[in-house]
Amino acid sequence: EAGVTQFPSHSVIEKGQTVTLRCDPISGHDNLYWYRRVMGKEIKFLLHFVKESKQDESGMPNNRFLAERTGGTYSTLKVQPAELEDSGVYFCASSQGRTASYEQYFGPGTRLTVT
Amino acid sequence: QQPVQSPQAVILREGEDAVINCSSSKALYSVHWYRQKHGEAPVFLMILLKGGEQKGHEKISASFNEKKQQSSLYLTASQLSYSGTYFCGVRPVGSSNTGKLIFGQGTTLQVKP
């Protein structure tokens with residue numbers, strides 16, 4: 001069974017530019033999450049999709065971040081315009097269910113560097 | 001709200017044991033443990049649920065004290081492959097509508113030959 005995949009693995013952009021990150025969850029997983037880890041700090045939640053609906057977007061830092069999951073399959077996270085503080089590793093995770101008993105499987109992450 | 005992990009870092013020799021702790025100020029539904037190696041995806045190790053149920057790898061053991069909102073991960077007879085950063089993620093009581101995990105700051109474990 002294929003795991004969670006993310007593209008690209010690395011992205012280096014200049015401040016003010018736009019970047020779009022993609023996540024393909026494990027097949028059949030209705031729940032998809034985005035997390036971010038800024039260097040040296042903890043992994044922080046950004047948002048949670050159930051199928052194509054946003055269940056919880058309480059962790060989205062501001063309106064420069066836009067997440068979509070059209071059709072309930074893959075998801076994209078767009079940052080526009082990017083700022084220096086957006087640098088970090090963006091992880092996607094997926095799970096079969098959303099209750100506390102379901103494990104979340106993480107992708108390898110996209111390392112975003114804003115210069 | 002963020003759980004606190006201790007220690008922040010630990011260095012072991014192969015075959016030695018270690019305990020990593022995760023402490024929350026809130027009542028929890030569950031504690032999730034992950035290990036991440038540099039540049040790789042965090043790998044699921046174990047879930048410990050309120051009520052005593054556990055799910056995870058057979059070779060990993062952990063405990064969850066619901067009254068104290070504390071969990072401990074036990075690494076015994078450590079191998080070189082155990083090296084990495086260990087994270088606990090928690091689901092606080094009252095968060096049933098979201099799958100959001102709140103992570104600790106991580107514990108770096110290095111196992112030397």
Side-chain angles (χ1 to χ4, degrees), chain A residues 1-10 23-26 29-51 53-60 69 88-111, chain B residues 1-5 8-9 22 24 26-57 60 64 66 71 84-108:
Chain A
E1 179 183 283
V4 177
T5 57
Q6 293 186 243
F7 182 83
S9 56
H10 294 84
C23 167
D24 286 79
I26 293 172
H29 282 193
D30 287 339
N31 293 268
L32 185 150
Y33 312 84
W34 284 99
Y35 292 89
R36 175 173 73 173
R37 187 180 186 201
V38 173
M39 187 164 55
K41 297 200 171 182
E42 77 275 16
I43 300 170
K44 274 198 168 180
F45 169 83
L46 296 178
L47 91 159
H48 169 200
F49 282 101
V50 178
K51 296 185 180 179
S53 299
K54 291 175 185 175
Q55 182 70 23
D56 179 358
E57 51 185 329
S58 62
M60 294 288 264
R69 192 183 181 196
V89 181
Y90 289 77
F91 292 105
C92 176
S94 71
S95 68
Q96 281 189 312
R98 69 179 184 199
T99 64
S101 62
Y102 284 96
E103 56 269 41
Q104 296 180 20
Y105 293 96
F106 279 71
T110 294
R111 181 173 295 278
Chain B
Q1 192 175 7
Q2 176 190 2
V4 176
Q5 289 185 232
Q8 286 191 322
C22 175
S24 172
K26 294 196 167 192
L28 303 174
Y29 282 132
S30 62
V31 180
H32 302 229
W33 285 97
Y34 289 83
R35 176 174 59 219
Q36 185 187 19
K37 295 181 181 289
H38 184 69
E40 298 180 8
V43 173
F44 166 74
L45 297 175
M46 176 164 281
I47 291 178
L48 300 108
L49 297 162
K50 183 177 165 68
E53 186 181 350
Q54 296 186 1
K55 290 175 22 175
H57 293 270
I60 300 286
F64 177 25
E66 295 174 38
S71 178
T85 302
Y86 289 76
F87 292 97
C88 68
V90 301
R91 288 282 304 269
V93 169
S95 64
S96 57
N97 286 334
T98 173
K100 164 179 161 180
L101 288 176
I102 302 171
F103 283 93
Q105 80 278 21
T107 295
T108 302

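Per chain, numbering begins at 1; letters A, B, ... match sequence-line order. Quick caveat, the model's predicted, so the values are computed rather than measured.
Comparing B/G106, B/S30, B/G39, B/G89 by how many heavy-atom pairs each has under 4.5 Å with chain A, the most go to B/S30. Residue with the most contacts toward chain B among A/E103, A/R111, A/R37, A/H48: A/E103 (heavy-atom pairs, distance under 4.5 Å). Taking chain A as the reference chain and counting heavy-atom pairs below 4.5 Å, the highest number among B/E40, B/Q105, B/Q2 is found for B/Q2. Between chain B and the residues A/F45, A/F91, A/Y105, the most heavy-atom pairs under 4.5 angstrom are made by A/F45. Heavy-atom pairs under 4.5 Å with chain B were tallied for A/Q55, A/Q6, A/K44, A/K41; the largest tally goes to A/Q55.
Neither the backbone nor the side chain of A/S95 comes within contact range of chain B; no heavy atoms are under 4.5 Å apart. A/Y102 touches chain B through its backbone: at least one of N, CA, C or O sits under 4.5 Å from a heavy atom, while the side chain does not. In this structure, no portion of B/Q5 lies under 4.5 Å from any heavy atom of chain A. Interface remark: B/I47 contributes side-chain atoms only to the contact with chain A (heavy atom separation under 4.5 Å).
Other residues, nucleotides and ligands contribute more than 12 heavy atoms inside 6.0 Å of the NZ atom of B/K37. Other residues, nucleotides and ligands contribute more than 12 heavy atoms inside 6.0 Å of the NZ atom of A/K54.
Here the closest non-hydrogen pair linking B/K100 and A/D56 is CD-OD2, 3.9 Å. In plain terms, the two heavy atoms of A/G107 and B/A41 that are nearest each other are O-CB, 3.1 Å.
Taking the side chain as every heavy atom from C-beta outward, A/Q104 and B/H32 never approach each other to under 4.5 Å.
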